[in-house]
Every structure is written in C-alpha cells, then in structure tokens.
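Below: one structure, written as structure tokens.
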Number of protein chains: 2
Amino acid sequence: MSPDNKSATTRNRLLEVAEALFAQKGYDAVSVREITNAARCNLAAVNYHFGNKKTLYMHMFRERWMSRAQRILTCFEENLAGRDETSSSSVIQALAEAFIKGPLTDEERLYHFQLMTRELIKPTDAFEMVATETMRPFLEKLGQRLKPCLSDTGDEERTLLNILSIISMVIYFNFARVPVSKIIGHAYDEPFKDRLVQHIVQFSLSGIPLREDTR
Amino acid sequence: MSPDNKSATTRNRLLEVAEALFAQKGYDAVSVREITNAARCNLAAVNYHFGNKKTLYMHMFRERWMSRAQRILTCFEENLAGRDETSSSSVIQALAEAFIKGPLTDEERLYHFQLMTRELIKPTDAFEMVATETMRPFLEKLGQRLKPCLSDTGDEERTLLNILSIISMVIYFNFARVPVSKIIGHAYDEPFKDRLVQHIVQFSLSGIPLREDTR
DNA sequence: TTGATATTTAAACGTTCGTTTGATACAAAC
DNA sequence: GTTTGTATCAAACGAACGTTTAAATATCAA
C-alpha cells in the first residue's frame, strides 16, 4: 500500500462505515456484509484487516471514538483559554459549549453519544478502555478547574456530585435531543444551542428561580 | 386456559423473560430460541401467542414497562401526599425518591432504564406509544406541581428547561449507576440513595455552592 | 363420554449470519 | 525474471436465525 497519501484506504473506509452503522443500529444488528457493502469492499476484508467483527468494533472505538473525545476535551480547553479561567461560570460554559456546540458535526455528535450510550447499557471491553483512558483524565481535569471555584465544604463527595450533576445536564441535553426537541417544540438550531448553554450555566450556578415562600 | 388463577402461564412467562433478555441484550441480540428456553416452553410459543418476535416486544413494553412507569408515577404522588405539596423542595424530593428509591426492585429499575434507553437511541413503535401515553402526561403533572413554586419569569421555555434539568439529574444518577459508582467509590446502597436524593434537591434549588469571588 | 377448542410439541423451512478458503492482482526487492 | 508480501476477490462452510407446519396433547362445556 502507498504509505498514507490517501486516507480512504479500505481499512479506513471500514472503520468509518462501521462506526456509523454500529452507532445507528447496535453491534448485533449490523452484519459484516452490510459493513463491507457500505465500504465498497469485499466481504472478507473485515477478517483480513481486523481478524473478526469484534476486533473491528474495538479498533473503531479506539481510533474514532476516543480521538473525537480528545477533540472535545481540546475544545473545552480552548474555550477556556479565551476567558477568565478562575470564574465558575466560564468553566461551566466552556464545558457545555464543548459538548453542545463543540467541534463535532451534528452527525459526529450523534454517533458519539449513541456509541457511548450503548456501552453504558451493556458495557463491552471498549467501556473499560474509555473509562480509564478518556473519562477519568477528563473528570480529573474538570475537577481541577472547578474546585478552586467551589466553596470548600470539606466534603469531597459532595464536590463530585456537583460536578456529575453539571455533566448530567450536558449529557442529557445532548443525548436526548429527539424527545427534548419534541417537548420544547423546535429543533436544535444554533440559537437554541446558545440558549441551552446559557441555561446550563445558570441552573448550575443558582438552580431554579423560586418564589420566596415556596422553598 | 383457566381464567387467571395462576399468572405463570406460558404467555406471562414469555413476557417476563422477554423483558429481562431484551433489556440486558437488546432486541436483535436475543433469539426466540433463547426466550422460549428461558421460559421453559416450546419454540413455537412466541408465534402462537404473539404472532411474531416484534409483536412480543410491543406487548412486553405495553404490559410490563408502562404499568411499571405507572407505579413510579403513583409513588411520586404518594410521596407528595405526605408532605407540603406547595413546597418546591417537597416536589423535587418526591420526584427523586420515586425514581431513585422508588417502588421498584433494583432489578426492575435496571430493566426499566435499559429498555427506555434503548428506545432513546433507536426508537421503535414502542417509543411513540410511551411518549404519548406515559411521558407527556407525566410531564404535564410534574409541571402542574412545580409551576406554582417557580417565580413567574414569563418565560415558558425557561420553565420547561428547568424541569428537564431536574429530570436529567434524576435519570442520569439512575441510568449511569455503574460509572457513577466507580467514580464516587461505593455502591448504590440505601444511605447513598438518600444522599443522592438530598443532593438533587439541593442542587435544583440553589446550584453549586460557590466562593463569592468566582461567579 | 364426546366433540370442539386451546395449547404444546418436534421437525422442517428458507434465509442470513460470521468466518474460512484458495485463487488472483500488483507492487517492491533481489 | 523470479520471489515475496500485501491486498482483494468469489465462493463456500457450518451454524443460528425467525417462522411455519401438522400432529399430539390438554382443557372443558355439553
């Protein structure tokens, strides 16, 4: 093969279509024939390049999912670089924007969350890989950014729960786009994404706006 | 068949094991043979009682998932009946407890969220059914309870986003139990569930605790 | 007890699955 | 020109799939 002048090798096409199909349908619902047809190559190519279907899945997760997660993390830090890094609202806004607006196309973001959610429901070896190599470092970095902003309650667990709650909103408004769109009544266009980011920051900082007599 | 003296009929056993298997593995990963073996009946029983595999799935969702969602809703209202119904913290606590502690066994709750999450990733006809018959009425009821507590910002959309944010935490801390457990460092025992409920209420009411100079 | 109906059974249907095989094409190396 | 290694191909393998069939069995009112 020529070294890497063209990235659309059979191997790369396989990884690309495998990701789309596995994300949309799930591992068991996608056949090797479906993948190789979409990648315009021979049925045996999966076994030649990756050994078997399962190993193709693992390589796809490592070479596509994790590198994209890295792009989100990079985006988070770039968002933060242009702002006041010691402000809690800056950190939260940078986080929410990295996920909800972020460097990913709508399609990429959809696949990204579909794949991760499938792993959450029924973890495979890919989940362990992602947990140790991507999630934990990300949580650590996020914790380092946020802890200086939090009032020190002396309760490490509470701090973690607060961080996880922010993440829960970011993830929810990303992954449940279809039902959220239906409930709110319009699509995930750019103004609405801005609105969502603003809402997440505000909710994280002060919760829901209450009437004084109903606490 | 005798009317309903014993509920462990072949039909009911099929619905029961189908739910567990579909939740754990997903529709495509479960074979009819696996279901009928687990239900200790003949391979043809699925087609005799339900016509085909897909219809078994739909019946399972209607007769098991939705009736259980109803139990959660009932639990929410019972939780609320014993408290100050006009207090926002009471409403949020009743909601969080209904889901996180709730009337379901750990196994039931796991299946419940696994099935719903699979529908969120890749909706089937079951999702439409659940959305109109279960989710929308639930959201309406929750809105009626919460709106009197919220300061009237005159912004209907913001109110909806606030409600969805509370729901996002409730769902996240339920459905992502495995990674949350790993991150926090211990299991979902009763004290931790109480802790979670308390955290969700507090976070919803006032967000994260901040140092004054880092807003 | 009989006849009708409901349910269960073993066996087979045709299809699709993941994987393997052996042949072929095409480079660069010697 | 031959060798060597990489890549692709069509064809076939056995296994498992969802579904169908027809016979056997169970149930129960008349």
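The structure displayed is predicted, hence computed values, not measured ones. Residue numbering restarts at 1 for every chain, and letters A, B, ... go by the order of the sequence lines. Computation of the quantities below employed the complete heavy-atom set of this structure, encompassing side-chain atoms and omitting hydrogens, waters and symmetry-equivalent molecules.
Taking atom CG of residue B:Leu14 and atom P of nucleotide C:dT7, one finds them 12 Å apart after rounding to whole Å. Between the P atom of C:dA11 and the CG atom of B:Leu43 lies a distance of 13 Å, rounded to the nearest Å. The separation between A:Glu34 atom CD and C:dT15 atom P is 19 Å, rounded to whole Å. Rounded to a whole Å, the CD1 atom of B:Ile35 is 10 Å from the P atom of D:dT19. Here the P atom of nucleotide C:dC17 and the CG atom of B:Asp28 are 11 Å apart, to the nearest Å. The CG-C1' distance, from B:Asn12 to C:dT7, rounds to 15 Å in whole Å. In this structure, A:Asn37 atom CG and D:dT8 atom C1' are separated by 15 Å, rounded to whole Å. Rounded to whole Å, atom P of D:dC9 lies 14 Å from atom CG of A:Asn47.
Contact check, B:Thr10 against C:dT8: a side-chain N or O comes under 4.0 Å of OP1 or OP2. The shortest distance between the side-chain N/O atoms of A:His49 and the OP1/OP2 oxygens of D:dT8 is below 4.0 Å. Contact annotation: B:Ser31 does not reach the phosphate of D:dA16 (side-chain N/O to OP1 or OP2, under 4.0 Å).
Between B:Ala131 and B:Pro137, the closest heavy-atom pair is O-CD, 4.4 Å.
A side-chain donor from one of B:Asn52 and B:Thr55 sits under 3.5 Å from a side-chain acceptor of the other.
Ranking C:dG18, C:dA11, D:dA7 by closeness to the A:Lys53 side chain, first place goes to C:dG18. Distance from the side chain of B:Tyr48 is smallest for C:dA6 among the nucleotides D:dT21, C:dA6, D:dT19.
Between A:Arg33 and A:Ala45, the residue anchored closer to the 5' end of DNA chain D is A:Ala45, taking for each the nucleotide with the nearest heavy atom. Comparing B:Arg40 and A:Lys54 against DNA chain C, the residue whose closest nucleotide sits nearer the 5' end is B:Arg40.
The shortest distance between side-chain heavy atoms of A:Met58 and A:Met129 falls below 4.5 Å. In this structure, B:Leu120 and A:Val178 have side chains that are not in contact, with every pair of non-hydrogen atoms separated by 4.5 Å or more.
By the 6.0 Å and 45° rule, B:Lys53 stacks over the aromatic ring of B:Tyr27.
Judged by atom type and distance alone, A:Asn42 does not reach the base of D:dA7 through any side-chain donor-acceptor pair under 3.5 Å.
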